[in-house]
Amino acid sequence: MNDQTIDMKDYGYKGGALSDEGHIPARITAVHRDRFEAVCEHGIISARTKTGAYRDYSEDYPTAGDFVELEYNPIGDSLITATMPRRSFFSRRDPTPGRGEQAVAANFDYVFIMQSLNHDLNPKRLERYLTLSWQSGAIPVILLTKADISDNYEAAAAELSRAAAGAEIIPISSKTGFGLDRVREYVSNGRTVVFAGSSGVGKSTLVNALAGEEIMNVNGIRENDSKGHHTTTHRQLIRLENGGMIIDTPGMRELGMWDISKGIGETFEDVEGYTRMCRFSDCRHESEPGCAVRAAIERGELSEGRWESYKQLKAEAEIPDREELLRRKRQWSKDVALCNKNRRKQSKRFGGKDNY
Ligand SMILES: Nc1nc2c(ncn2[C@@H]2O[C@H](COP(=O)(O)OP(=O)(O)OP(=O)(O)O)[C@@H](O)[C@H]2O)c(=O)[nH]1
Ligand SMILES: [Mg+2]
């Protein structure tokens, strides 16, 4: 607890009516289970939600980057009474059964989608991140990390440019400082950037490089398979001296859990352009005459891989409920197992001959 005075505008707070005169605004800087670290006019404080203020783990439950209303307590935990409307956020289905959507980061202007030039480049994953980023309400920027150990980062950037669909790609190295000037233009005064990417791509190392000091813990990765150890364990909002803010996250493995229904259009604008040019409006893009998608694939303008990613994401998005998707998958395996069992039974009955 400290008694310094902080101007909340420095943390991106834009004002707004509070529901009670005694409340003050705060911004969540870290979430530790049911306790929160937040910054308010009195400095960094510890807080928890006020009993009854939230339904259990509802989507408005506070997360890193949220602006909240607070009953300030100078000698103990302050109480969070409400989450202010978010201008952007990531959410995912809470892995615990019975719980709904859960916000995982809020109120950011840019998403840095980070992939390492060291074995981690993956256009499919990039498309998924891009879709989620557009859906969040913020602007995605792609950072290709560890350029210092890449033979040819320019070729890698060119390879990803189709999947990037117009988002800027910046090769960087946190070790040498290469590319960081451009990155600093995004992490500027009053702006918030969220870092997203697999464990070990160098998210926390970039926080430290931009801050000029060791704020976040960084750990060695198993260089043989380039997998990280999940060094960062919780989401954390950091304010740099220049006034820019970063939400560092642990590698998000649960990416597939997020709702991807919106944002596909932005990521696959080119693909949707072709689908609209087909002769038949209900074209299935298989062997129909006048199919613009097939023609684009044949001309080499659209890769089969990109078309497959689009179809896959689109199919997932059509099942809005992730549990429903899993239920269908489980049902499908059960059906297959039952079918095989019946088949074996029949085969026995007919003297070992398989009649199917
Ligand atoms: N050569 C090189 N290594 C880097 C660079 N940036 C990060 N690393 C190394 O990559 C490893 C992982 O870095 P972290 O910053 O902990 O990765 P992270 O993305 O925060 O990982 P999680 O917290 O687990 O999600 C460390 O050994 C870093 O030293 C870089 O620009 N060049
Ligand atoms: Mg980290």
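Counting starts at 1 for both ligands and their atoms, in listed order.
Checking only distances, D148 does come within under 3.5 Å of ligand 1, N or O to N or O. Taking any N or O of I149, backbone or side chain, none lies under 3.5 Å from an N or O belonging to ligand 1.
Few gaps surround CZ on R87; more than 12 heavy atoms of other groups in view lie less than 6.0 Å from it. Around CD of E308, the count of heavy atoms belonging to other residues, nucleotides or ligands within 6.0 Å exceeds 12. When the shell of 6.0 Å around NZ of K9 is examined, it contains 12 or fewer heavy atoms from other residues, nucleotides or ligands. For E241, the CD atom counts as loosely surrounded, since its 6.0 Å shell holds 12 or fewer non-hydrogen atoms of other residues, nucleotides or ligands.
Those atoms of ligand 1 with a heavy atom of S173 less than 4.0 angstrom away are 31 (O).
Salt-bridge annotation for E288 and R294: absent, with no side-chain N of the basic residue lying under 4.0 Å from a carboxylate O of the acidic one.
Heavy atoms of T205 found under 4.0 angstrom from ligand 1 belong to the backbone as well as the side chain.
The residue among G197, G200, A209 with a heavy atom at the shortest distance from atom 21 (O) of ligand 1 is G200.
Ligand 1 has at least one atom lying under 4.0 Å from a heavy atom of V201.
For the Mg ion (ligand 2), the N/O/S atoms of S199 include none lying under 2.8 Å.
Under the 3.5 Å distance criterion, the side-chain polar atoms of S78 are left unmatched by any main-chain donor or acceptor of L70.
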